[in-house]
Structure formats: C-alpha cells, structure tokens
J.: 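The structure is given below, and queries will be raised subsequently.
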Amino acid sequence: MDADKIMDICVRRGFLWRSCEIYGGVGGFYDLGPLGVALERGIKDLWRELFVVQEGGYEIDTPTIMPEVVFVASGHVAKFHDPLTDCASCKKSFRADHIIEEAMGRNVEGLPTEELDALIADEGIVCPECGGALAPIRYFNLMFRTSIGSTSTGGATAYARPETAQGMFVAFNRIMRTMRPRLPFSIIQIGKAYRNEISPRQGLLRVREFTQMEAEVFLDGRNIGTHPRFDTVRDETLRLFPREEQLKQDGVIVEMPAGEAVDKGIIDNPYLGYYLTLSKFYLLAIGIPWEAIRFRQQLPDEKAHYSRDTWDVEIETSYGWVEIAGHAYRTDYDLTSHTRVSGKDLTVFLPYDEPKVEIVRKAVPDKGALGKQFKSAAKEALEFIKERNADLVKVKDDGKSLEAKIGDEMVDMVPFIEVREVEEKVAGEHIVPHVVEPSYGVGRILWCVLEHALKEEDDRTYLALAPHLAPISCGVFPLVNRDGLPELAKAIEKALRDAGIDVIYDAGGSIGRRYARCDEIGVPFGVTVDAQTLDDGTVTLRERDSKKQERVPVDDLPLVLGVLLAGEGDVEAGCGPCAGCE
Ligand code: AMP
C-alpha cells in the first residue's frame, strides 16, 4: 500500500483533488471528481441497502446549518473542542495530542490539558515544523460558526453541523408522529458534516468537510440486554481489540464470536454486538480484507462522558489503523438534553398489556395564580405543566426550580403548582429512549477501499474494485479506427448504456494502453470489437483482474455483463448466465 501512489492516481485520473486548486487549494477540503462521485455513490448505496432496506431505518435529510440552541443542548458549544498549541517562533498551530502521539508513539487523546502540557515539557517536545517552543495548550472549538438572517441586525448565531446526528434527534418527535414506529427503530441520515480541524492531514482522512452515514438506533434502555435479531449474528466472528489488550505491552487482536463477546461482557450489550457485526458484513462487501479490519474499544479517556461503551471500527492502511466508524452506546443523553433545553416532550409512550390503577403524584396547576401572572399566555403555562408534569413533581420534591419560557419571559413554574396524590388508571408509561449510534465517515471508507484495491504486478497497476463498486463498469474499444469498427463499437456503447451499464469508450492508442488505462481506474470489464466481430457478431470480453478473455455474442453482452457485474458468473464461462444452454 502506498498513499502517494493512490493519491497520484486519484488526482491524475479524476477521483479527487484539492478544492479550489486554481487559488492554491484550501487545507482540509477536497473535490470529488467524476470517478470519486461514482465510487462514493456505490459506498453509500451499499450502506443504505443494509441500514434502510434490510434494517428498515427511516432515512431523513436535514439542514447542514442549525441554530446555536441545538448545539448548546447537544453539548457541542461547551465541549466540542480539541487541544491546540501554537509555536512561539513560526506561529503555526498544532493539535497538541497529535504531536505528542507522533513524538512518543502513544495515544493521548482525551487527556486533560495539564497532563498534555506536562508531557510536552517532560519529553522536550518542540514545534514539528521549525523546532520552536510550544505555547501552553488551549481548547479550540471545532464548529464553523455562522449566522442566520440579516447580518445588519446581527443575525442569529448558528453552526454548520459537526455530525448529522443532531438533525435526527431534533426530528425525533416528527418521526414518531408520521411513521408511528415501535422501539427499537432507527433514524438514518447520510450527509455532510463540518469540523474546523486544527491540522487537516493524511488526504481524505482528516478533512474539514466530509460525508457521514449515521444511524441513531432508539431503544427502551431497560431492554438493552436483548436485541431482537442478535441471535442471527451471534456466531459471527469479530476481530476485537478490547481495552485490556490495548493496555498490555504486547496486546493482540482477539477473534471471538459476537455472542461470546457480549456474554463475557467484553462488548457491553447485544445492540453494540449486532451493529459491529453489520459493520463486518458491510466492510467485507466493499472489498476490505478480513485481516485489515479490527474493532477497537475506546479507552475511558477517549469516550464521551455519557457513553457507556464505544467501539471504533478500524482499517489498516499505509497510515496505520484508521478509524472509519464509531459505535457508541449513548444512553438517554441526547433526548434528555434536547428535552431539557427545548422544553418539549421527547418520550415514547409504551402501553401496558392491561391498564393499571395506580396512586400517582401529579403537579396540579394553580389556575388562579396562573391567570393573574400570565394573563393571555396562561394557556402556554398550562401546556407546559401538562407536558412536564413528572419533571415538575420531581423538582418540587427536590426543592429545586424549573423554568419555562412563557411569552417572552423565563419563569420558574414551581410556585404555580401543587403536588397531589391521585388515583389514576394508567394505560402505559412514558420512557426516554436510549440510543446506540453507528456512525461512519464516507471519505475515510473511500480511501481505505482504494488502498486495498490497488494492486501492482509485473508491469501493470490496477484497482481490483468489486465490480458493483467500480466507478465505470465496462470499457468499449474498437481494435482499429477503420473498417467500420468504430461505428460498431459506438453501437455497442449505446446498447450497454441503454441497458443501464456505465461505459467508457476509448479509441486512443494501442489496445494494451487502453486496457492499462482502464485497469488503473478499476474498470472491471472490457469489450474489444475486431475484424471477427464483422464476421460472426462476437466481441472479446476481458476481465480486469485475471486478464481472462472470451468471445461473447454482441447481442448477449448486456445480459452477460449484468450478471458479471452482480458478482455472479465468470468470463471464462463464455456467455456467463447462458453457459451450457443452447
Ligand atoms: P465521530 O463523531 O468523531 O465519532 O466521527 C464519526 C466518523 O466520522 C469517524 O469514524 C470518521 O469516519 C468520520 N470523521 C470524523 N472526523 C472526520 C474528519 N475530520 N475527516 C474525515 N472523516 C471524519
């Protein structure tokens, strides 16, 4: 694997390149070219097939810019930051944990700034660019800030979303009302995310704008120990790199069935086990070799404070092991936080089999006091008391306050209620769902797919991309540019396009050079039109990896290629699906 070689192919052949090249490029931003777009589409389609079609997730598409309040609730305004240090001499900024990691070969992500400062001092770490002294570390928030509306009046502070997830949490109620799902279910989103990374690096691996594919799986937290389909994947082997192994000098990857890992408590729960197994299926389907995949458990310092267990999916590349996806058990943190800040009820009602009669403690509004205080806004106050009844009982019991925005004012609602015990027929209960989140980065996956597809043998370089992922499916080549061959080849090109097969027509240079050009961008099949085509209506069909060639009737080409592109059949079997038939 050679990152420079792949980047060279990517830029030269139109997979991707630095954005705004004519102005010198912008760090951390890339354009996807025609081949990159096609490859990315294949990567996304396969993921969608798994998470939306097979798993039945509800896919939505929400804006990339969201108001500040969303990120106050999610904790990103307060906590989504990286440790930054500046060089006193060259004034360049660096991500402190990264330069320490490079200097010491130790993962220090998530350590407090004082500890990082101490490591820089103790180890004598200096600016990696000029050797200058490094300033004390400060936190840098990674969100891109902007404003919504007229800037002459200041506009409203907003941010480009740093993950697609928040759009799904804030749309939770709407999905509940429109789709009427039952727990567990997932909301899915594929879209752009933005992070103003301190030091973008390693090509597509750390950029400032990237595409995520995320699933928020909502579940009843009391049932975290039973996933409805876990039994279907229990026996699937996973390559695990648990916390304990990482802390050993010579820790190893442990191969173990998902069921055993969950039963032994290595993986916290069957939900995580289930989605890690889906990751395995997905990565194998896009051509990542089994030995290049591992599931690494995050260490306590790396994990978000609300997460009970998080596993990263990592792929081995020329840059080392690269995290391409995270699987976090986020408990009820997200919906609880958005309930607290929005004041909206984000619970799910779970009916009992039979209604129960219960003595319940309720917050009863003092309507007289409400009318006096809020006048025409009293209805709003009543609505708040209804929606947040249980919370009001709790804060009153605890001697605390609970503020509501009524009209334009923030008012403590506790003085306006009384807590009474009442007998009630209870049909069910409200719970705040917990969340397990598989979160994938498309750009990193695309890079890993390319690294593992690159093959160099004898005198040729080719991308052994799975046929269903290849950006272009078939090359069409007239052997010579005369005797009616180009016309025939053009007609074949049209017939294949009409059959929905992506084609590249190439009539330039020797046939060997044309094969080589197609091999380099991973075109899995090539069709050569030659003099024999004029005689018997057959063409040569060539397979990229094996270089096998077979004569196939022109009329059969769309069908044969359709089958081969679906990963079935074999070029040598002649007319593929029709092999053996008359
Ligand atoms: P996180 O929310 O940090 O767990 O990120 C989820 C996934 O998004 C990661 O596993 C990566 O695949 C991807 N990702 C995060 N940050 C970046 C970045 N700066 N550049 C490219 N991909 C990223």
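One-based numbering, in listed order, for ligands and for the atoms of each. Fair warning: this is a prediction, and the values are worked out from it, not measured in the lab.
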J.: Of all residues at least two apart in sequence or in a different chain, which pass the side chain to side chain donor-acceptor pair (under 3.5 Å) check with Y30?
T.: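 For Y30, no residue satisfies side chain to side chain donor-acceptor pair (under 3.5 Å) once neighbours in sequence are set aside.
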J.: Donor-acceptor check, side chain of N141 to backbone of V77, threshold 3.5 angstrom: yes or no?
T.: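 Here the side-chain-to-backbone pair exists.
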J.: Once side chain to side chain donor-acceptor pair (under 3.5 Å) is applied, do any residues pair with E314, and if so which ones, sequence neighbours excluded?
T.: R294, R296
J.: With E255, which residues qualify under side chain to side chain donor-acceptor pair (under 3.5 Å), at least two apart?
T.: R239
J.: Which parts of the protein, at residue level, reach under 4.0 Å of ligand 1 through a heavy atom?
T.: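 Residue list for ligand 1: R195, E197, L204, L205, R206, V207, F210, Q212, E323, I324, A325, G326, S439, G441, R444.
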J.: So, K280 side chain and T237 main chain: donor-acceptor pair closer than 3.5 Å or not?
T.: yes
J.: Would you tell me whether R161 and Y194 have side-chain atoms, one donor and one acceptor, within less than 3.5 Å of each other?
T.: no
